[in-house]
2 protein chains.
Amino acid sequence: MSIVVIITNMKRNTQQRQVILRLLSARKDHPTAEELYQEVRQEMPRVSMGTVYRNLDLLARKGEIRRIDGAAGPSRFDPVNDNHPHYRCPGCNRVFDLPRDLSLERLVDVPLLKKHGFTTDGLVLEVRKYCDVCRAAVS
Amino acid sequence: MSIVVIITNMKRNTQQRQVILRLLSARKDHPTAEELYQEVRQEMPRVSMGTVYRNLDLLARKGEIRRIDGAAGPSRFDPVNDNHPHYRCPGCNRVFDLPRDLSLERLVDVPLLKKHGFTTDGLVLEVRKYCDVCRAAVS
DNA sequence: ATGATTGCAAATCCTTTGCATTTGA
DNA sequence: TCAAATGCAAAGGATTTGCAATCAT
């Protein structure tokens with residue numbers, strides 16, 4: 001049994017935070033912090049990268065936006081060059097293969113994707129689950 | 001029309017390369033370069049991080065292993081906090097939403113995942129396709 | 001008033017790279 | 001032999017952080 005308390009203070013609705021959120025929301029693609037910084041700078045020339053990063057992180061942890069990068073932290077490597085799906089342990093952040101019966105083809109409608117012109121090559125599917133070690137640690 | 005030539009020299013089967021590949025293959029999880037480096041160092045104390053990185057990169061580009069990190073490059077942010085799937089353009093590396101009719105539920109067998117204890121929260125599904133801008137540029 | 005947030009700069013983390021030396025084919 | 005690959009150390013890009021000043025409540 002474990003109780004997780006997420007402390008996400010965000011007590012002030014600053015100019016910077018509003019502008020960052022507004023500009024991010026106005027975009028159809030999904031910009032990097034740097035790209036957003038350049039845009040924010042147009043209307044707030046004195047804003048700093050630190051502020052952009054801090055706010056994006058805060059908003060993401062509060063659940064108002066989402067950070068999209070399979071990778072939390074450094075790159076990981078798989079000896080098998082294949083599109084098989086992975087899961088990441090929220091505890092230790094390590095990555096593992098899904099059990100063999102949960103193959104990509106069984107989990108994902110690959111033909112439908114192909115019909116729409118998306119390549120299944122380089123496909124990324126990552127889900128989450130506590131690994132055995134971390135599960136044991138909290139029980 | 002564009003012809004892509006991938007030049008991946010790898011003319012020598014060095015001690016370092018063999019050890020790196022053997023140790024990576026022996027693992028069930030998917031280690032970072034740093035984790036692998038620590039392991040390689042046990043049997044090759046003089047190996048350098050540069051060599052580990054260079055070999056992992058070489059092996060990945062040759063297709064013998066796979067680099068797994070949704071993120072090529074810096075983090076990207078999505079104003080919608082939601083599990084919707086994305087595609088990445090191989091040309092400009094930007095990230096976009098899939099068309100609405102390709103919803104997560106339509107593409108992925110979420111119930112099957114849940115039945116196996118995987119959380120669909122924080123799920124990452126990323127496919128590839130050239131964006132309109134890059135498609136126009138090569139045609 | 002006062003504590004959250006900022007700008008700034010330095011620090012940190014991960015990764016790549018230049019170069020002289022070593023080594024596998 | 002001799003280019004590929006290494007070790008080392010320095011550079012690079014992305015992100016975080018310490019701190020004094022500022023600003024929202």
Side-chain angles (χ1 to χ4, degrees), chain A residues 6-24 30-62 64-77 92-95, chain B residues 6-24 30-62 64-77 92-95:
Chain A
I6 298 178
I7 301 160
T8 310
N9 283 329
M10 198 154 88
K11 311 214 160 162
R12 294 185 191 174
N13 199 9
T14 58
Q15 291 290 309
Q16 289 86 339
R17 190 166 298 155
Q18 290 174 41
V19 175
I20 289 166
L21 189 51
R22 171 165 51 79
L23 291 180
L24 173 59
H30 301 310
T32 63
E34 172 67 28
E35 288 166 349
L36 220 34
Y37 169 63
Q38 296 303 339
E39 232 185 309
V40 173
R41 227 145 70 101
Q42 314 252 332
E43 45 182 287
M44 290 188 110
R46 302 196 58 80
V47 78
S48 73
M49 271 300 310
T51 294
V52 173
Y53 271 105
R54 269 184 295 232
N55 274 295
L56 288 173
D57 188 61
L58 219 50
L59 289 163
R61 287 195 288 116
K62 204 184 165 219
E64 294 204 18
I65 67 174
R66 178 167 290 221
R67 183 192 294 265
I68 41 179
D69 49 6
S75 283
R76 295 179 169 274
F77 296 88
C92 59
N93 206 35
R94 282 186 301 165
V95 173
Chain B
I6 297 178
I7 301 159
T8 311
N9 284 329
M10 198 154 91
K11 311 215 160 161
R12 292 185 192 172
N13 200 8
T14 59
Q15 292 290 309
Q16 289 86 339
R17 189 164 300 154
Q18 290 174 41
V19 174
I20 289 166
L21 189 51
R22 171 166 50 78
L23 292 180
L24 174 59
H30 302 310
T32 63
E34 171 68 29
E35 287 166 350
L36 220 33
Y37 168 63
Q38 296 302 340
E39 230 185 311
V40 174
R41 229 145 68 102
Q42 314 252 332
E43 45 183 286
M44 292 188 109
R46 303 196 57 78
V47 77
S48 73
M49 271 300 310
T51 295
V52 174
Y53 270 104
R54 269 184 295 235
N55 274 296
L56 289 174
D57 187 60
L58 219 50
L59 289 163
R61 287 194 288 115
K62 204 185 166 218
E64 294 203 19
I65 68 174
R66 177 166 291 220
R67 183 193 295 267
I68 40 178
D69 49 5
S75 283
R76 294 179 171 274
F77 295 87
C92 59
N93 207 34
R94 282 185 299 165
V95 173

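In what follows, every chain begins at residue 1, and chains take the letters A, B, ... in the order their sequences are listed. Note that these values count all heavy atoms, side chains included, but never hydrogens, waters or copies made by symmetry.
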Which is true for [X] with a 4.0 Å heavy-atom rule: it touches a base, it touches only sugar-phosphate, or it touches nothing?
X: B:Arg17; value: sugar-phosphate
X: A:Glu34; value: nothing
X: B:Asp57; value: nothing

Nearest of [options] to any side-chain atom of [X]?
X: B:Arg54; options: D:dG7, C:dG7, C:dG24; result: D:dG7
X: B:Ser75; options: C:dG24, C:dG7, D:dT15; result: D:dT15
X: B:Arg67; options: C:dG7, C:dT16, D:dC8; result: C:dT16
X: B:Gln15; options: D:dT6, C:dG24, C:dG7; result: C:dG24
X: A:Tyr53; options: D:dG7, D:dT16, C:dT23; result: D:dT16
X: A:Lys11; options: C:dA4, D:dT6, C:dG7; result: C:dA4
X: B:Asn55; options: D:dT6, C:dG7, D:dT25; result: D:dT6
X: A:Gln16; options: C:dT6, D:dA14, D:dA5; result: C:dT6
X: B:Arg12; options: C:dG24, C:dC8, D:dT6; result: C:dG24

Taking [atom1] from [X] and [atom2] from [N], how many angstroms apart are they, rounded to a whole number?
X: A:Arg46; N: D:dT22; atom1: CZ; atom2: P; value: 10 Å
X: B:Leu36; N: C:dC14; atom1: CG; atom2: P; value: 15 Å
X: B:Tyr37; N: C:dC13; atom1: OH; atom2: P; value: 16 Å
X: B:Leu56; N: D:dT6; atom1: CG; atom2: P; value: 11 Å
X: B:Gln18; N: D:dT6; atom1: CD; atom2: P; value: 11 Å
X: A:Asn93; N: C:dC14; atom1: CG; atom2: P; value: 11 Å
X: B:Lys62; N: D:dA5; atom1: NZ; atom2: P; value: 10 Å
X: A:Leu58; N: D:dT15; atom1: CG; atom2: C1'; value: 15 Å

Pairwise distance CD(A:Gln16) to OG1(A:Thr51) - rounded to 0.5 angstrom:
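That separation rounds to 6.0 Å.
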Between atom OH of B:Tyr37 and atom CG of B:Leu23, what is the distance when rounded to the nearest 0.5 Å?
14.0 Å
Under a 3.5 Å distance rule, please check whether B:Arg17 uses its side chain to pair with a backbone N or O of B:Arg12 as donor and acceptor.
yes
Could you walk me through whether A:Val52 and A:Glu34 pass the side-chain contact (heavy atoms from CB on, under 4.5 Å) check?
CA-CA 8 Å; A:Val52 173; A:Glu34 172 67 28; over 6 Å; no
Using heavy-atom distances to pick each residue's nearest nucleotide on DNA chain C, tell me which of B:Met49 and B:Thr14 is more 5'.
B:Met49
For B:Asn13 and B:Ala33, find the nucleotide of DNA chain C closest to each by heavy atoms; which residue's nucleotide sits nearer the 5' end?
B:Ala33
Nearest-nucleotide wise, let me know which of A:Thr51 and B:Met44 is further upstream toward the 5' end of DNA chain D.
B:Met44
Please lay out, stage by stage, how B:Gln18 and B:Asn13 fare under the test side-chain contact (heavy atoms from CB on, under 4.5 Å).
CA-CA 7 Å; B:Gln18 290 174 41; B:Asn13 200 8; 3.4 Å; yes
Would you call B:Arg94 and A:Glu35 a salt bridge, taking side-chain N to carboxylate O under 4.0 Å as the test?
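The answer is no: the pair does not qualify as a salt bridge.
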